[in-house]
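A quick write-up on the structure given underneath.
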Amino acid sequence: MFPTGLIDLHCDTLTRENWTAHTPGCGALDDPAFHIAIRKMPPGVRWVQCFAIFVPDDLRGEEAAAFFDRSRTVFQQQMEAHRDRIAPCQTFSDLERTAGEGRFSAVLTVEGGAALAGRLERVQTLRDAGVRMLTLTWNGPNELGSGHDTAGGLTAFGREAVGEMERLGMIVDVSHLNDRGFEDLLAVAKKPFAASHSNARAVCGHRRNLPDPFIRELAARGGLIGLNYARTFLSDEGRGSLDDLYRHICHFLELDAGSCLALGSDFDGTDIHPDLDSVEKSLAIYDYLTRRGIPADTAEGILFANAWRFFQAWLQ
């Protein structure tokens with residue numbers, strides 16, 4: 001069986017061309033050699049894919065801003081090239097309309113707050129460009145705060161930027177943010193936020209994953225957590241199979257966090273087990289979970305309904 005639809009909160013397909021060459025004749029979003037290619041998704045699926053502009057840690061200031069601009073142009077070009085199958089969406093109404101038209105939905109996001117170039121007014125610039133979610137950091141530090149490879153928390157600018165993002169309706173994303181930064185965010189965040197591609201640290205000890213108190217806090221605040229398919233974030237042994245994904249899901253359910261659980265594959269940005277390494281394989285997670293005894297409505301929530309409700313509330 002297929003679920004009602006599929007929502008994936010994070011992939012790096014849009015900017016993968018910066019480190020992997022495209023197959024000749026294929027564009028950024030329809031290359032069959034990549035984890036995500038539009039042609040791989042069966043017609044009729046209500047698919048919402050968040051496409052991140054990944055801003056590398058070594059870019060700052062105007063260089064980071066220019067990188068964002070170039071990547072956004074690629075996104076626009078790809079939306080136009082494949083307009084018969086997929087459409088850019090900024091609001092929940094856009095998602096509903098696109099689904100009604102039988103097309104897939106693309107939501108533009110940013111991974112790495114360096115895209116703001118240290119200027120608060122660029123939150124509005126990104127919002128005007130269609131960005132609906134922003135991952136505050138990547139692995140290292142930037143003007144907003146510190147990623148999981150570094151020790152600092154949110155900066156004063158980071159706290160200010162979070163407030164501006166909330167004011168403008170841009171979802172704050174804490175994946176990659178270190179523990180100190182997460183705690184700083186809890187003190188300033190007034191709206192629900194997301195961890196677009198993060199797993200449970202109690203199941204796999206990588207510090208990119210969320211400790212139990214953070215999972216409980218996200219759930220209590222009505223946030224959203226996308227399960228990451230990366231081998232090293234699913235298993236301490238690096239397997240990253242469907243069985244490992246199941247172990248994380250069971251742990252989230254034990255913490256009463258099932259209603260905030262979604263998918264955040266990290267497609268085209270990491271090493272993924274053959275169980276999960278192509279977008280259409282995400283659909284098979286539903287049958288796998290129900291065969292393992294997960295209730296159908298819980299599995300449906302993870303693949304689609306939880307994120308759909310979150311977007312209904314916050315993509316305005």
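These values consider heavy atoms only, across backbone and side chains, with no hydrogens, waters or symmetry-generated copies. Computed from a prediction, not measured in an experiment: that's the story for all the values here.
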Between the main-chain N or O of H35 and the side-chain N or O of D268, is there a donor-acceptor pair closer than 3.5 Å?
yes
Against the six-membered ring of W308, is R46 placed for a cation-pi contact (under 6.0 Å from the centre, within 45° of the normal)?
yes
Evaluation steps, side chain to side chain contact (heavy atoms under 4.5 Å, CB included), between L253 and I294:
CA-CA 10 Å; L253 296 179; I294 299 293; 3.7 Å; yes
Within the distance-only criterion (no hydrogens, no angle test), does the side chain of D266 pair as donor or acceptor with the backbone N or O of D12 below 3.5 angstrom?
no
Write down the atom of T290, the atom of A296, and the distance for their closest heavy-atom approach.
CG2-CA, 3.9 Å
Does any part of the side chain of L126, heavy atoms only, come nearer than 4.5 Å to the side chain of L134, both counted from C-beta?
yes
Before you tell me yes or no, could you show the steps for E183 and R180 under salt bridge (charged side-chain N to carboxylate O under 4.0 Å, His left out), namely the whole-Å CA-CA distance, both residues' side-chain angles and the distance that decides it to 0.1 Å?
CA-CA 5 Å; E183 291 170 349; R180 181 178 169 186; over 6 Å; no
Ionic contact status for R103 with D84, cut-off 4.0 Å:
no
Check ion pair R132-D94 (N to O, under 4.0 angstrom):
no
Side chain to side chain contact (heavy atoms under 4.5 Å, CB included) evaluation trace for R39 with R85
CA-CA 9 Å; R39 69 183 72 186; R85 291 178 290 172; 3.9 Å; yes
Count I, L, V, M, F, W, Y as connected when their side-chain heavy atoms are under 4.5 Å apart, and connections chain through other members. Are L242 and V279 then in the same cluster?
yes
Here the gap from F214 atom CZ to L177 atom CG, rounded to the nearest 0.5 Å, amounts to 8.5 Å
Of all heavy-atom pairs between E166 and V188, which one has the smallest distance, and what is that distance?
OE1-O, 4.4 Å
Contact between F267 and S278 at the side-chain level, heavy atoms closer than 4.5 Å - yes or no?
no
Using atom types as modelled and distance alone, determine if a side-chain donor or acceptor of T150 lies under 3.5 Å from a backbone N or O of G152.
no
Looking at every heavy atom in both R221 and A189, which two are closest together, and how far apart are they?
NH1-O, 3.4 Å
Please identify which of these residues, L185, N178, T137, meets the side chain to side chain contact (heavy atoms under 4.5 Å, CB included) condition with L154.
L185
E300 side chain vs T4 backbone, donor-acceptor pair below 3.5 Å
yes
Would you check if L227 and H248 make a side-chain contact, meaning some heavy-atom pair closer than 4.5 Å?
yes
Do the side chains of I302 and L263 get nearer than 4.5 Å, heavy atoms only?
yes
So how far is it from M165 CE to M170 CE, rounded to the nearest 0.5 Å?
5.5 Å
So, S265 versus D8: side-chain donor-acceptor pair below 3.5 Å or not?
yes
May I ask whether V203 and L276 are part of the same hydrophobic cluster, defined by side-chain heavy atoms of I, L, V, M, F, W, Y residues being less than 4.5 angstrom apart, directly or through others?
no
Using a 4.5 Å cut-off on heavy atoms from C-beta on, say whether the side chain of L283 contacts that of V45.
yes
Donor-acceptor pair between D244 and Y229 side chains, under 3.5 angstrom:
no
Start with the C-alpha distance between R291 and D287, add both sets of side-chain angles, then the distance that settles side chain to side chain contact (heavy atoms under 4.5 Å, CB included), and finish with yes or no.
CA-CA 6 Å; R291 288 198 307 269; D287 275 349; 3.6 Å; yes
Hey, are the side chains of S105 and W47 touching, using non-hydrogen atoms and a 4.5 Å cut-off?
no
In plain terms, say whether K281 and D277 are close enough for a salt bridge, that is, a side-chain N and a carboxylate O under 4.0 Å apart.
yes
Trace of the salt bridge (charged side-chain N to carboxylate O under 4.0 Å, His left out) decision for R201 with D179:
CA-CA 12 Å; R201 197 179 298 176; D179 290 359; 2.8 Å; yes
Verify whether the ring centers belonging to H22 and F34 lie closer than 6.0 Å.
yes
Step by step, work out the side chain to side chain contact (heavy atoms under 4.5 Å, CB included) result for L136 and F182.
CA-CA 10 Å; L136 299 177; F182 191 104; over 6 Å; no
Find out whether N199 and L234 are in side-chain contact, i.e. whether some heavy atom of one side chain is under 4.5 Å from a heavy atom of the other.
yes
Would you call P56 and N18 a side-chain contact if the rule is heavy atoms closer than 4.5 Å?
no
I'd like to know if the side chain of H148 and the backbone of R207 have a donor-acceptor N/O pair within less than 3.5 Å.
no
With no hydrogens and no angle check, do the side chains of Q77 and R72 hold a donor and an acceptor under 3.5 Å apart?
no
Is the side chain of Q78 donor-acceptor paired with the backbone N or O of L29 at a distance under 3.5 Å, no angle test?
yes
Donor-acceptor under 3.5 Å (N306 side chain, L261 main chain)
yes
The single option from E62, E143, Q124 that satisfies side chain to side chain donor-acceptor pair (under 3.5 Å) with R119 is E62
With respect to F193, which candidate in D173, L224, L218 satisfies the side chain to side chain contact (heavy atoms under 4.5 Å, CB included) definition?
L218
Residues, nucleotides or ligands: over 12 heavy atoms within 6.0 Å of R292 CZ:
yes
With rounding to the nearest 0.5 angstrom, report the CG to CZ distance, L14 to F54.
12.5 Å
Using every non-hydrogen atom in the two residues, find where D236 and G205 come nearest and quote the distance to one decimal.
OD1-N, 2.8 Å
Minimal heavy-atom distance between T13 and A28, with the atoms involved, is CG2-O, 3.4 Å
Check whether any side-chain N or O of T155 sits under 3.5 Å from a backbone N or O of L144 as a donor-acceptor pair, and report yes or no.
yes
Mark yes or no for whether S198, through its side chain, and A195, through its backbone, hold a donor-acceptor pair below 3.5 Å.
no
Donor-acceptor side-chain pairing of Y246 and S241 below 3.5 angstrom:
no
Nearest non-hydrogen partners of R231 and P274, listed with the distance
NH2-CD, 3.4 Å
Does any donor atom in the side chain of S71 or T15 lie under 3.5 Å from an acceptor atom in the other side chain?
no
Does any N or O in the side chain of S175 come within less than 3.5 Å of the main-chain N or O of S196, such that one atom is a donor and the other an acceptor?
yes
